[in-house]
Trainee: 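What follows is a single structure, and I will ask about it in a moment.
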Amino acid sequence: MNDSRLNVGLACTAALAGAAVLNHAEVVSLLKDDAGKRIIGARVRDNLTGKEFDTYAKVIVNASGPFCDALRKMADKNAQEMIAPSSGVHIILPDYYSPEGMGLIVPKTKDGRVVFMLPWMGRTIAGTTDSNTSITYLPEPHEDEIQFILDAISDYLNIKVRRTDVLSAWSGIRPLAVDPTAKSTESISRDHVVCEDYPGLVTITGGKWTTYRSMAEDAVNAAIKSGKLTPANGCVTNKLCIVGGEGWELSSFTVLAQQYTRMKSTHGGKVVPGIMDSAAAKHLSHAYGTLAERVAAIAQNENLGKRLAHGYPYLEAEVAYCARNEYCESAIDFIARRTRLAFLETDAAKRALPRVIEILANEHKWDDSRQKKELQKATDFLKTFKSSKNAQFHDGKHN
Ligand SMILES: Cc1cc2nc3c(=O)[nH]c(=O)nc-3n(C[C@H](O)[C@H](O)[C@H](O)COP(=O)(O)OP(=O)(O)OC[C@H]3O[C@@H](n4cnc5c(N)ncnc54)[C@H](O)[C@@H]3O)c2cc1C
């Protein structure tokens, strides 16, 4: 699954259904009614401009993942914590580490942790789960965690498993949750928890990507109850198609391959046609569904048909499309949150950056100074990914 596409698809589906969607916007405090008894709104900072504003609602849903306790403490500074943060480290290896359509799971490694390996987006993803951690905005994987994964899979493969093959490595924080209103004997849950421990503030956390629709339904039902809302119908998530999904078929990519050309500008300024090969057509179709034709049209009509990174199907046209239609507001948005290039191969993402920034600058009218800032921020962001080139060894440990 390409979870960055699913995530942005959900936001766009909500926008089409009438939601006001804001990214790079951070809740900095919660607003209470005059009696201080109920949450009635939030103060929000637009992190792109630094401007702050207030917004009001009958109910606020706190779905801020590992950060949900920080939000709850804005309502009640003594709120009992409900998140037990747990870090998961993932690494990317070349495709030949995993046969197509086949994965591997080691349910109990030497120290009892699970390790898995799966084909993912043309490469191999391997990872482990569950080390206690603290909550930070950009967690980094430790060298010993990467080595642990390599050691665990090497027992089951008949190829040489090498640190130098690691194309990207990152760490994420899982929000494992305890219900603050439950009896104290309840243990940490991998299921989700919904609670309203301050009137007007419904918190939904825990759970998994794979259960997001059931999480959404429970959160919506809790919000209806809290706000005494009278909706025309119940939660519709169960049957809701995500934007680009209606009418999409596995064979939809053939239309792109047959009907579109990738027009490419050469360094000398000449424009030359290129074929919409199966890899590019399949990628666009899987990433954008039926909207892929719009991306292909940009590649053809605006001479944005070149690949952004050698060996990857991402096209220049996607940067323009994402800036125009998917709230892509920064270079990091594109390499990490609209595509998964940073996660697939850190160096390829780094090489693609100048062109990504050039196209975004054209779309958003960025001046030179903004472009320089974008390059710096994205370069710093990529340093948190520990590909073999980014690895720093000190006495065998990542520093
Ligand atoms: C390494 C790893 C591997 C995983 N693998 C799987 C898997 O294979 N299958 C699966 O189903 N699940 C998997 N998960 C779990 C899944 O990713 C999480 O359950 C899911 O991301 C949680 O979603 P969420 O929306 O609750 O929180 P998040 O995805 O963390 O989203 C919370 C959002 O809130 C925002 N936010 C935080 N504070 C504020 C604030 N003050 N104001 C505004 N916004 C704020 C954050 O920026 C973020 O965008 C994995 C998780 C990790 C870390």
Side-chain angles (χ1 to χ4, degrees), residues 1-4 6-8 10-11 23-28 47 61-74 79-92 109 111-116 118 120 125-149 152 166 168-180 187-195 203-212 215-216 219 330 332-333 335-337 340 342-344 346 377-378 380-387 390 397-399:
M1 168 179 111
N2 182 343
D3 51 346
S4 63
L6 179 57
N7 196 40
V8 77
L10 287 169
N23 56 348
H24 299 278
E26 182 179 346
V27 171
V28 289
N47 281 333
V61 176
N62 169 18
S64 51
F67 300 91
C68 80
D69 284 334
L71 264 287
R72 290 171 60 245
K73 284 182 182 193
M74 289 178 194
Q80 185 197 324
E81 291 186 353
M82 59 188 290
I83 290 294
S86 158
S87 83
V89 171
H90 286 14
I91 63 174
I92 297 291
T109 53
D111 71 359
R113 270 183 285 171
V114 174
V115 165
F116 71 90
L118 289 167
W120 188 57
I125 187 167
T128 183
T129 54
D130 296 346
S131 306
N132 294 339
T133 188
S134 54
I135 298 175
T136 51
Y137 184 60
L138 278 178
E140 294 186 24
H142 290 280
E143 193 55 41
D144 51 0
E145 292 171 306
I146 296 170
Q147 207 54 59
F148 169 76
I149 298 169
V166 176
S168 182
W170 70 92
S171 175
I173 302 174
R174 282 192 179 80
L176 301 186
V178 245
D179 185 345
S187 61
I188 294 168
S189 169
R190 271 176 196 279
D191 296 331
H192 59 272
V193 172
V194 182
C195 72
T203 296
I204 166 86
T205 193
K208 296 192 66 72
W209 241 127
T210 35
T211 56
Y212 79 91
M215 292 173 73
S330 70
I332 298 176
D333 273 355
I335 60 171
R337 305 180 190 122
R340 277 299 197 199
F343 292 81
L344 283 169
T346 315
K377 270 192 190 167
D380 290 345
F381 171 74
L382 287 175
K383 282 185 191 148
T384 66
F385 289 75
K386 302 299 168 194
S387 64
N390 265 354
K397 295 239 167 169
H398 163 68
N399 187 1

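If you read the sequence from its start, that first residue is 1, and numbering goes on from there.
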Trainee: So, does Asn62 use its side chain to make a donor-acceptor pair with the main chain of Cys68 at under 3.5 Å?
Mentor: yes
Trainee: Could you tell me whether the side chain of Ser387 and the main chain of Ser168 form a donor-acceptor pair under 3.5 Å?
Mentor: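 No, Ser387 side chain to Ser168 backbone: no donor-acceptor pair under 3.5 Å.
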Trainee: Mind checking whether Phe343 and His90 have side chains closer than 4.5 Å, heavy atoms only?
Mentor: no
Trainee: Run through Thr203, Ile204, Val194 and flag the one making a side-chain contact (heavy atoms from CB on, under 4.5 Å) with Val61.
Mentor: Ile204
Trainee: Could you check whether any side-chain heavy atom of Cys195 comes within less than 4.5 Å of a side-chain heavy atom of Met82, counting everything from C-beta outward?
Mentor: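 Cys195 vs Met82: side chains touch.
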Trainee: How about His142 and Lys386: do any of their side-chain heavy atoms sit closer than 4.5 Å?
Mentor: no
Trainee: For Phe116 and Thr128, which heavy atoms make the closest approach, and how far apart are they?
Mentor: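 Taking every non-hydrogen atom into account, CE2-N, 4.4 Å.
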Trainee: Restricting to non-hydrogen atoms, name the atom on Met215 and the atom on Gly207 that form the minimum distance, rounded to 0.1 Å.
Mentor: SD-CA, 4.0 Å
Trainee: Which distance, rounded to the nearest 0.5 Å, do you find between the CZ of Arg174 and the OG1 of Thr205?
Mentor: 13.0 Å
Trainee: Taking all non-hydrogen atoms of both residues, which atom of Ala336 and which atom of Ser4 are closest, and how far apart?
Mentor: O-CB, 4.1 Å
Trainee: Run the side-chain contact (heavy atoms from CB on, under 4.5 Å) check on Val178 and Val193 step by step: do they pass?
Mentor: CA-CA 7 Å; Val178 245; Val193 172; over 6 Å; no
Trainee: Do any N or O atoms from the side chain of Thr384 and from the backbone of Glu140 form a donor-acceptor pair under 3.5 angstrom?
Mentor: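 No, the answer is negative, given that no donor and acceptor are paired below the 3.5 Å cut-off.
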Trainee: Any heavy-atom pair between the side chains of Ile91 and Trp170 that's under 4.5 Å?
Mentor: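 Contact flag for Trp170/Ile91 side chains = no.
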Trainee: Are the side chains of Ile92 and Val166 in touch, meaning some heavy atoms are under 4.5 Å apart?
Mentor: no
Trainee: Report yes if some heavy atom in the side chain of Ser86 is under 4.5 Å from a heavy atom in the side chain of Ile173; otherwise report no.
Mentor: no
Trainee: For Pro175 versus Gly65, what's the shortest heavy-atom pair and its separation?
Mentor: CB-C, 3.8 Å
Trainee: Apply side-chain contact (heavy atoms from CB on, under 4.5 Å) to Ile149 and Val89, showing your working.
Mentor: CA-CA 9 Å; Ile149 298 169; Val89 171; 3.9 Å; yes
Trainee: Under 4.5 Å between any side-chain heavy atoms of Phe67 and Ile83, yes or no?
Mentor: no
Trainee: Is the closest basic N to carboxylate O distance between Arg72 and Asp69 below 4.0 Å?
Mentor: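 Judged by the 4.0 Å cut-off on N to carboxylate O distance, Arg72 and Asp69 do form a salt bridge.
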Trainee: Check salt bridge (Lys or Arg N to Asp or Glu O under 4.0 Å) between Arg340 and all other residues, then give those that pass, not counting sequence neighbours.
Mentor: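 Counting only residues at least two positions away or on another chain, Arg340 forms a salt bridge (Lys or Arg N to Asp or Glu O under 4.0 Å) with Asp3.
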Trainee: Mind checking the CD1-CD spacing from Ile146 to Glu143? Nearest 0.5 Å is all I need.
Mentor: 4.5 Å
Trainee: Nearest 0.5 Å, please: how far is NZ in Lys377 from CG in Leu382?
Mentor: 14.0 Å
Trainee: Within a strict 4.5 Å, meaning less than it, do heavy atoms of the Met74 and Val27 side chains meet?
Mentor: yes
Trainee: Where do Arg337 and Ser330 come nearest, in terms of heavy atoms and distance?
Mentor: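 For Arg337 versus Ser330, the nearest heavy atoms are NH1-OG, 4.5 Å.
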Trainee: Using every non-hydrogen atom in the two residues, find where Ile125 and Trp120 come nearest and quote the distance to one decimal.
Mentor: CG2-CB, 3.6 Å
